**Student:** 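Can you keep this structure in mind? I'll have questions shortly.
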Amino acid sequence: MSSQNVDSAPKPSQVQKSGVRAAFEYTGIPPSWFDKRPKLPSRNWLIFLSVTTSIVAYYVYDRRECRRIRADYSSRVEHLAKEPLGTTDLPRKVTVYGAKWPGDEDHDKSLKFFRKYVKPIFVAAAVDYEMISGRRSGDLANRIADEIKTRRRIDAGIEPPSQSPMPLPNQPTLEQKRKRELEGGIVLVGRHTLKEFMSGLKRGWTESMDRVDREDMLAQELASDGRFDEPEEPVIDPEVVDGEPLPTRSRLLPSQNVVLFPLQMSSSSPSKSTQYTSNIPAHLDTPPSTTPTLPTLLLVPFTNHIGFRQVPNMLWGFFNERHKVRAGSEAAYSLIMSHVRPFAAANTIVTASEIQESQLDGRQGGDFDFDLPAESYYDGAYTPSETEKARKTYYDALPAKLATARALARGTRAPTKEEDSHPPPTEVELRAERLKKEMRWRGDEAGWEIVKPGQPVQWDERFVDTLQVFDEPRADDVG
């Protein structure tokens, strides 16, 4: 009976197949695949899929929010780009400054932040811009100081204003250029840029306005420090030559007495003074008691994470780009809407932006504390000891290089095979290399003194009534 039931049971090959399954079997798909039933994956697969899906979903959400925020602020200002301009009118133009972040070899990080997060809103509003960066720490401060000194020389009549080599019929005058600068504004990306800008601003309106060649002054200083002096010849006893005493008046016979003239040794010419003297009259070179109105400042927060210890911050920033997009868009929107307020100096309270006086933790208060937490990421970025170590290593190897260069130049020895294939630097090249290195080292040290943590922002009381800051628009200006 049981055998009859077994024989009567249909075999898998005798089961009636659907047309779709039969068609797929003839395509070469194994029949066992059609008998599989869905089931939950293993524990490890569930963990992998859940983590991967969460990360991808968070990344997609963040980038979608970035596009939404950027589109929102662009739609608020795009009507300004559609306003017609006259045939001789120019669009609004701002100047963007981005200093080098301490310890980062990429000097353009600040301006990259501007191009990615602030520039799209400027483009939507048809606002023109000019980007200026410093390749080394302190370069931006020197540039701003030199530009202000040039302006003072032009105003004093000492130097003519710069003119185009080919005059154009619609060439703007000096007054028109300065008016356009005031209408545009200045964008400062990061706290380190604010420090360099304020340092250059104070130096430009305080120091002598005479033109100074820093490289020439440093070359004069280096020429007199004795690093490239010839080694002294061994001193020979004037009383003994080749073991025999020289004939002196006391050793000669009375008939052999001659008049011996003393040898006049030419003293080395005194080195040139490295002290700088101004050629401008004192009554013109005196710093002005007041400064003209300066372009309004837009302060854009920026933090650059470098180093292995800041990898967690880098990962957090990668998945939270929307915060940077919002900060950059809000800053650009503040400049475009042109809502300004006075610069909040120390010991002041500005109710428009709710800046309160703060004297805790060594703070200066007001706008001087702009983006202050960013200084905590300077730790380990740069230390003056790095420059001292590089300087010591260079000067320890300099005497050997100098001796080789002089020996080959004077022909006192023949060059080796390696020197034939790779000629060593000459003395002139060594002097130029040293000047270049000292310019870089001293510039880095001076720049670090400006932006290092705890260093206050430079300020002059003459800027109280002439310096303004773009602020967030009021609620009635948003519409």
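All values reported here derive from a predicted model rather than from experimental measurement.
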**Student:** How long is the straight-line distance from OG of S208 back to NZ of K149, given to the nearest 0.5 Å?
**Tutor:** 7.0 Å
**Student:** Please find the pair of heavy atoms, one from T193 and one from A99, that lie closest to each other, and give the distance.
**Tutor:**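 Between these two residues, the closest heavy atoms are OG1-N, 3.0 Å.
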**Student:** Under 3.5 Å, side chain of R191 to main-chain N/O of F368, donor-acceptor pair present?
**Tutor:** yes
**Student:** Could you tell me which non-hydrogen atom of E215 sits nearest to which non-hydrogen atom of L435, and how far apart they are?
**Tutor:** OE2-CD2, 3.7 Å
**Student:** Keeping T206 on the side-chain end and R203 on the backbone end, is there a donor-acceptor pair under 3.5 Å?
**Tutor:**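 No; zero donor-acceptor contacts below 3.5 Å.
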**Student:** Are R391 and Y394 in a cation-pi contact, defined as NZ or CZ under 6.0 Å from the six-membered ring centre and within 45° of the axis?
**Tutor:** no
**Student:** One thing to verify: whether E65 and R68 come together as a salt bridge, which I'm taking to mean a side-chain N less than 4.0 angstrom from a carboxylate O.
**Tutor:**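 Counted as a salt bridge, because a side-chain N and a carboxylate O are separated by less than 4.0 Å.
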**Student:** Return the NZ to NZ distance between K100 and K109, rounded to the nearest 0.5 Å.
**Tutor:**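 The distance works out to 10.5 Å.
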**Student:** Apply side chain to side chain contact (heavy atoms under 4.5 Å, CB included) to E147 and R151, showing your working.
**Tutor:** CA-CA 6 Å; E147 289 178 352; R151 172 175 179 169; over 6 Å; no
**Student:** So do the side chains of D367 and R341 get within less than 4.5 Å of each other, counting heavy atoms only?
**Tutor:** yes
**Student:** Could you go through R227 and E438, starting from their C-alpha distance and side-chain angles, then the distance that decides it, and tell me whether this counts as salt bridge (Lys or Arg N to Asp or Glu O under 4.0 Å)?
**Tutor:** CA-CA 13 Å; R227 293 283 185 178; E438 281 292 345; over 6 Å; no
**Student:** Below 4.5 Å, heavy atoms only, C-beta onward: do M209 and D155 meet side chain to side chain?
**Tutor:** no
**Student:** Might you work through the side chain to side chain contact (heavy atoms under 4.5 Å, CB included) test for L201 and Q458, ending with a clear yes or no?
**Tutor:** CA-CA 9 Å; L201 196 67; Q458 297 296 318; over 6 Å; no
**Student:** Report the distance from atom CG of L140 to atom CD1 of I450, rounding to the nearest 0.5 Å.
**Tutor:**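 Going from the CG atom of L140 to the CD1 atom of I450 covers 9.5 Å.
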**Student:** Counting C-beta onward and ignoring hydrogens, is there a side-chain heavy-atom pair between P172 and R178 closer than 4.5 Å?
**Tutor:** no
**Student:** Measure from the ring center of W459 to the ring center of F343 and say whether it is less than 6.0 Å.
**Tutor:** yes
**Student:** Checking salt bridge (Lys or Arg N to Asp or Glu O under 4.0 Å) for the pair K179/E175: CA distance, chi angles, key distance, verdict?
**Tutor:** CA-CA 6 Å; K179 181 180 179 181; E175 290 74 15; over 6 Å; no
**Student:** To the nearest 0.5 angstrom, please state how far the CG atom of D106 sits from the CG atom of L111.
**Tutor:** 10.0 Å
**Student:** With the side chain counted from C-beta on, respond yes when Q176 and L90 share a heavy-atom pair under 4.5 Å apart, and no when they do not.
**Tutor:**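 In short, these two side chains do not touch, never coming nearer than 4.5 Å.
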**Student:** State, to 0.1 Å, how close L408 and A414 come at their nearest heavy-atom pair, and which atoms those are.
**Tutor:** CD2-C, 4.4 Å
**Student:** What side-chain donor-acceptor pairs closer than 3.5 Å can you find for residues 294-308, not counting sequence neighbours?
**Tutor:**
residue, atom, partner, partner atom, Å
N304, ND2, D104, OD2, 2.7
H305, ND1, Q310, OE1, 2.9

**Student:** Show your working on salt bridge (Lys or Arg N to Asp or Glu O under 4.0 Å) between E181 and K177 and close with a plain yes or no.
**Tutor:** CA-CA 6 Å; E181 291 177 358; K177 292 180 180 178; over 6 Å; no
**Student:** With no hydrogens and no angle check, is any side-chain donor or acceptor of S199 less than 3.5 Å from a backbone partner on K195?
**Tutor:** no
**Student:** Checking side-chain polar atoms at under 3.5 Å, does R434 have a donor or acceptor matched by the opposite partner on Y395?
**Tutor:** yes
**Student:** Name the orientation class of the two ring planes belonging to F197 and Y97 (parallel below 30°, tilted from 30 to 60°, perpendicular beyond 60°).
**Tutor:**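 The rings of F197 and Y97 sit tilted, inter-plane angle from 30° to 60°.
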**Student:** Rounded to the nearest 0.5 Å, what separates atom CE in M439 from atom NZ in K436?
**Tutor:** 11.5 Å
**Student:** Identify the two heavy atoms, one from L430 and one from A405, that lie closest to each other, and give their separation to 0.1 Å.
**Tutor:**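 Heavy atoms only, the tightest pair is CD1-CB, 4.3 Å.
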**Student:** Evaluate H192 against D371 for side chain to side chain contact (heavy atoms under 4.5 Å, CB included), listing each step before the verdict.
**Tutor:** CA-CA 9 Å; H192 61 301; D371 206 15; over 6 Å; no
**Student:** Does the side chain of F470 come within less than 4.5 Å of M337's, by heavy atoms?
**Tutor:** no
**Student:** Is the closest side-chain heavy-atom distance between R92 and L80 below 4.5 Å?
**Tutor:** no
**Student:** Does the side chain of R76 come under 3.5 Å of the side chain of S329 through a donor N or O and an acceptor N or O?
**Tutor:** no
**Student:** Under 4.5 Å between any side-chain heavy atoms of V212 and E207, yes or no?
**Tutor:** no
**Student:** Rounded to the nearest 0.5 Å, how far apart are OG of S338 and CD of Q468?
**Tutor:** 11.0 Å
**Student:** Output a table of donor-acceptor pairs, distance under 3.5 Å, between side-chain atoms of residues 120-138 and any protein atom two or more places apart or on a different chain; print 'none' if there are none.
**Tutor:**
residue, atom, partner, partner atom, Å
R136, NE, D444, OD1, 3.3
R136, NH2, D444, OD1, 3.3
R136, NH2, D444, OD2, 2.6

**Student:** Give a yes or no answer on whether the side chain of D62 reaches the backbone of E321 with a donor-acceptor pair at less than 3.5 Å.
**Tutor:** yes
**Student:** Let me see the working for V96 and K119 under side chain to side chain contact (heavy atoms under 4.5 Å, CB included), right down to the final yes or no.
**Tutor:** CA-CA 10 Å; V96 184; K119 188 191 77 171; over 6 Å; no
**Student:** Can any side-chain N or O of R462 pair as donor or acceptor with the backbone N or O of S289 at less than 3.5 Å?
**Tutor:**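 Pair absent, no side-chain N/O of R462 close to backbone of S289.
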**Student:** Could you tell me whether the side chain of W448 reaches within less than 4.5 Å of the side chain of Q455, counting heavy atoms only?
**Tutor:** no
**Student:** Restricting to non-hydrogen atoms, name the atom on D72 and the atom on S75 that form the minimum distance, rounded to 0.1 Å.
**Tutor:**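 Result for this residue pair: O-OG, 2.6 Å.
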**Student:** Are any side-chain N or O atoms of E429 and backbone N or O atoms of T426, one a donor and one an acceptor, separated by less than 3.5 Å?
**Tutor:**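 At least one qualifying donor-acceptor pair exists.
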**Student:** Please give me the minimum heavy-atom distance between D471 and S334, naming the atom from each residue.
**Tutor:**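 Result for this residue pair: O-CB, 3.5 Å.
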**Student:** Give a yes or no on whether the backbone of Y61 and the side-chain of R322 come within a donor-acceptor separation of less than 3.5 Å.
**Tutor:**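 The answer is no, because no donor-acceptor pair under 3.5 Å joins these two groups.
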**Student:** Should the heavy atoms of other residues, nucleotides or ligands under 6.0 Å from CG of D465 be counted, would the total exceed 12?
**Tutor:** no
